[in-house]
> 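Structure provided below as structure tokens; questions to follow.
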Amino acid sequence: MNDASNRPRVVIVGRPNVGKSTLLNRVIGRREAIVEERPGVTRDRKEVEADWAGRFFTLVDTGGWLARGSDLENKVSRQSESALDDADVVLFVVDAMVGVTDEDEQMARRLRGTDLPLLVVANKIDDSSHQAVIWDLVALGLGDPYPVSSLHGRGVGDLLDAVVDVLPEEAGAGRAGENGTGVDPDDAEERIFSIALVGRPNVGKSTLFNRLIGEERSVVHDMPGTTRDTVDTVVETEHGPIRFLDTAGMRRRSRIDEDTEYYSVVRALRSVDTADVALLVIDATEGITGQDQRLAERVDAAGCPIVVVLNKTDLINTEQREALSVQMTRKLGFLPEVPSHRISALSGRGVQKLVPSMGIAIDAYQTRAPTRKVNDIIRAAQQAQPAPGGARVLYATQGATDPPTFTLFANRTIPDSYMRYLERKLREAFDFGPTPIKLRVRRRSE
């Protein structure tokens, strides 16, 4: 098996707004990282799987590095430096049209202290008439630069050829799959469940994410909207490998006034649509807001189980705790048997209970019910309360898992109210908990 965890890591570094995220998108051929023509858009590390000439590697985009800055900028810079500790190859991106800046020189001094293979990427060389300016970058003392245009793709192939030449042979030497996607067929067989952390801005998702994975991977700051993109990592648990996804804070569309934030929300919603379980993180000090309720409805509609996480409960008093319980029933009562946990992501109190809850949700998500028992449950339900209008389920079977999906063969159309009744009976019989289940009806004559 070509294990993704053993693939070499190619880390992209550089000061803000030199085109690091654009380069990542160009290499993998899709818009994975958020890109905007202003500094500071990328704040967290972004890791994607890539391949070139049949060699697999993990490509890591980092936030812009600055020698000095605000508290948030300093945290972003530390994230970039931390990524270098796990790197096998470093791509140092410089804006060739601007030339060498003080930040570039300081970053170069930092990189000269490593023994890693390092390639200087002279970005924004959009045509051959600007080729000569790259030689000013030789002054960085890191070797000859590679002229590229991340935006247009010019020179990126030559850069990747050079990357492949310095990749370590002992890691990630797998060949590309026949489908040409860069995904090893053996890897595709290993099912890794994904857990998306969703919620409004500044409710503590990134702090919880870092607590769950045991490493500071997402930048945590007390300014709303710090996480711009979805950050994910795979963690080994007692339930097997789980992919945790830290998403950008989601707010009402009317309050989204920046293109970057809009795309962040789009990515967050896409993560929800593909996740197996969603942790809906709520700020207990603010109570359950209307936006929390709408997010819960959106996640529920995506068809993945929900675990409600009431964060910052160490900061509320007894009266607020009682009010929170009332709000859970009144505002989130539409969620089926949703488990909730009161935690403090900052101190770690209560966080240890989340993984067992997620494990229960995952087990239910994979449940396959015996056909005989399914029909026994349906038959008993119909005997206890027949469907109106002479409708009747003749036979039922579970056709799929993830989530559990049942096909009901009926003599005629079954009213929605009766479908909800049958769903409740199946949910109770097989202890599905918060896991959504799907019922499909096919007409069949008796």
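Numbers for residues simply follow the sequence, beginning at 1.
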> Less than 4.5 Å apart, any side-chain heavy atom of Asp104 and any of Met107?
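Answer no - side chains too far apart.
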> What is the distance from atom CG of Asp158 to atom OH of Tyr146, rounded to the nearest 0.5 Å?
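With rounding to 0.5 Å, CG (Asp158) is 9.0 Å from OH (Tyr146).
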> I need the Glu105 CD to Arg15 CZ distance, nearest 0.5 Å.
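Output value for this atom pair is 11.5 Å.
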> Any chance you could measure Phe430, atom CZ, to Thr367, atom OG1, to the nearest 0.5 Å?
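Those atoms lie 9.0 Å apart.
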> Considering all heavy atoms of both residues, which atom of Ala87 and which atom of Val11 are nearest to each other, and what is their separation?
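The pair with the smallest heavy-atom distance is CB-CG2, 3.5 Å.
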> Could you tell me which non-hydrogen atom of Val351 sits nearest to which non-hydrogen atom of Ser344, and how far apart they are?
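Here Val351 and Ser344 meet closest at CG2-O, 4.1 Å.
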> Evaluate side chain to side chain contact (heavy atoms under 4.5 Å, CB included) for Leu111 paired with Val13, printing each intermediate quantity in order.
CA-CA 10 Å; Leu111 294 173; Val13 298; 4.3 Å; yes
> Backbone N or O of Thr313 within a donor-acceptor pair of the Arg321 side chain at under 3.5 Å?
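Checking the backbone N and O of Thr313 against the side chain of Arg321, a donor-acceptor pair under 3.5 Å is found.
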> Please indicate whether Arg440 has more than 12 foreign heavy atoms, meaning atoms of other residues, nucleotides or ligands, lying under 6.0 Å from its CZ.
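No, the 6.0 Å shell around CZ holds no more than 12 heavy atoms from other groups.
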> State the CG-NZ distance between Asp314 and Lys312, to the nearest 0.5 angstrom.
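If I round to the nearest 0.5 Å, the distance is 10.0 Å.
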> Looking only at heavy atoms, which two atoms of Ile316 and Ala284 are closest? And how far apart?
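Smallest heavy-atom distance, with atoms named: CG2-O, 3.7 Å.
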> Going by an N to O cut-off under 4.0 Å, is there a salt bridge joining Lys20 and Asp61?
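Looking at Lys20 and Asp61, the cut-off is not met.
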> Run Met97 and Ile125 through side chain to side chain contact (heavy atoms under 4.5 Å, CB included) and show every step you take.
CA-CA 7 Å; Met97 303 310 297; Ile125 304 296; 4.1 Å; yes
> Would the distance check show the side chain of Lys331 and the main-chain N or O of Ile288 forming a donor-acceptor pair, the cut-off being under 3.5 Å?
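Pair found, side chain donor or acceptor close to backbone of Ile288.
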> Are Asp127 and His152 close enough that some pair of their side-chain heavy atoms sits under 4.5 Å apart?
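Asp127 does not reach His152 side chain to side chain.
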> Between Val100 and Leu137, is there a side-chain heavy-atom distance shorter than 4.5 Å?
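The answer is yes, as the side chains (C-beta and beyond) meet within the 4.5 Å cut-off.
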> Please find the pair of heavy atoms, one from Ile306 and one from Ala296, that lie closest to each other, and give the distance.
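So the minimum-distance heavy-atom pair works out to CD1-O, 3.7 Å.
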> Of all the heavy-atom pairs spanning Gln320 and Thr285, show the shortest one and how long it is.
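Nearest pair, atom of Gln320 first, then Thr285: NE2-O, 4.4 Å.
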> Roughly how far, to the nearest 0.5 Å, is CG of Leu23 from CG of Leu91?
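Nearest 0.5 Å value for the CG-CG distance: 6.5 Å.
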> Do Asp161 and Trp52 meet the criterion of a side-chain donor-acceptor pair at a distance under 3.5 Å?
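A pair is found: one side chain offers a donor N or O, the other an acceptor, under 3.5 Å apart.
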> Answer whether the closest heavy-atom distance between the side chains of Val374 and Thr397 falls below 4.5 Å.
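Of all side-chain heavy-atom pairs linking Thr397 with Val374, none is under 4.5 Å.
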> Any heavy-atom pair between the side chains of Ile343 and Leu208 that's under 4.5 Å?
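Result yes, sub-4.5 Å side-chain heavy-atom pair found.
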> Would you call Arg200 and Asp292 a salt bridge, taking side-chain N to carboxylate O under 4.0 Å as the test?
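Asp292 and Arg200: salt-bridged.
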> Just one of Asn123, Val18, Val27 clears the side chain to side chain contact (heavy atoms under 4.5 Å, CB included) bar with Ser150, so which one?
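That would be Asn123.
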> Just by modelled atom types, is the Ala162 backbone N or O under 3.5 Å from a matching donor or acceptor in the Asp165 side chain?
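Checked: no pair found.
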> Do the side-chain N and O atoms of Asn25 and Thr22 include a donor-acceptor pair separated by under 3.5 angstrom?
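Result is no, nothing qualifies.
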> Could you report the tightest heavy-atom contact between Asn17 and Lys124, atom names first, then the distance?
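What the structure gives for the nearest pair is O-NZ, 3.2 Å.
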> Do Ile282 and Leu332 come close enough that some side-chain heavy atom pair is under 4.5 Å?
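Answer yes - side chains close enough.
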> Around atom CG of Leu346, are there more than 12 heavy atoms of other residues, nucleotides or ligands at under 6.0 Å?
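Count not over threshold, so no.
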> What's the verdict on side chain to side chain contact (heavy atoms under 4.5 Å, CB included) for Val307 and Val277, showing C-alpha distance, side-chain angles and the deciding distance?
CA-CA 8 Å; Val307 176; Val277 178; 4.2 Å; yes
> Could you grab the distance from atom CZ of Phe57 to atom CG of Asp51, nearest 0.5 Å is fine?
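Nearest 0.5 Å value for the CZ-CG distance: 7.0 Å.
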> Can you see whether Glu49 engages Thr58 through a side-chain donor-acceptor pair at a distance of less than 3.5 angstrom?
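Yes, Thr58 and Glu49 have a side-chain donor paired with an acceptor closer than 3.5 Å.
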> State, yes or no, whether a side-chain contact exists between Arg342 and Ser325 at a heavy-atom distance under 4.5 Å.
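Heavy-atom side-chain distance check passes, below 4.5 Å.
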> Spell out, as yes or no, whether a donor-acceptor pair under 3.5 Å connects the side chain of Arg211 to the backbone of Ala345.
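Indeed, once roles are kept as given, a pair shorter than 3.5 Å links the two residues.
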> When you measure from the side chain of Glu322 to the backbone of Glu319, do you find a donor-acceptor pair of N or O atoms at a distance under 3.5 Å?
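Between the backbone of Glu319 and the side chain of Glu322 there is no qualifying donor-acceptor contact (under 3.5 Å).
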> Less than 4.5 Å apart, side chain to side chain, heavy atoms only: is that true for Leu142 and Arg112?
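A side-chain contact exists here, since the closest heavy-atom pair is under 4.5 Å.
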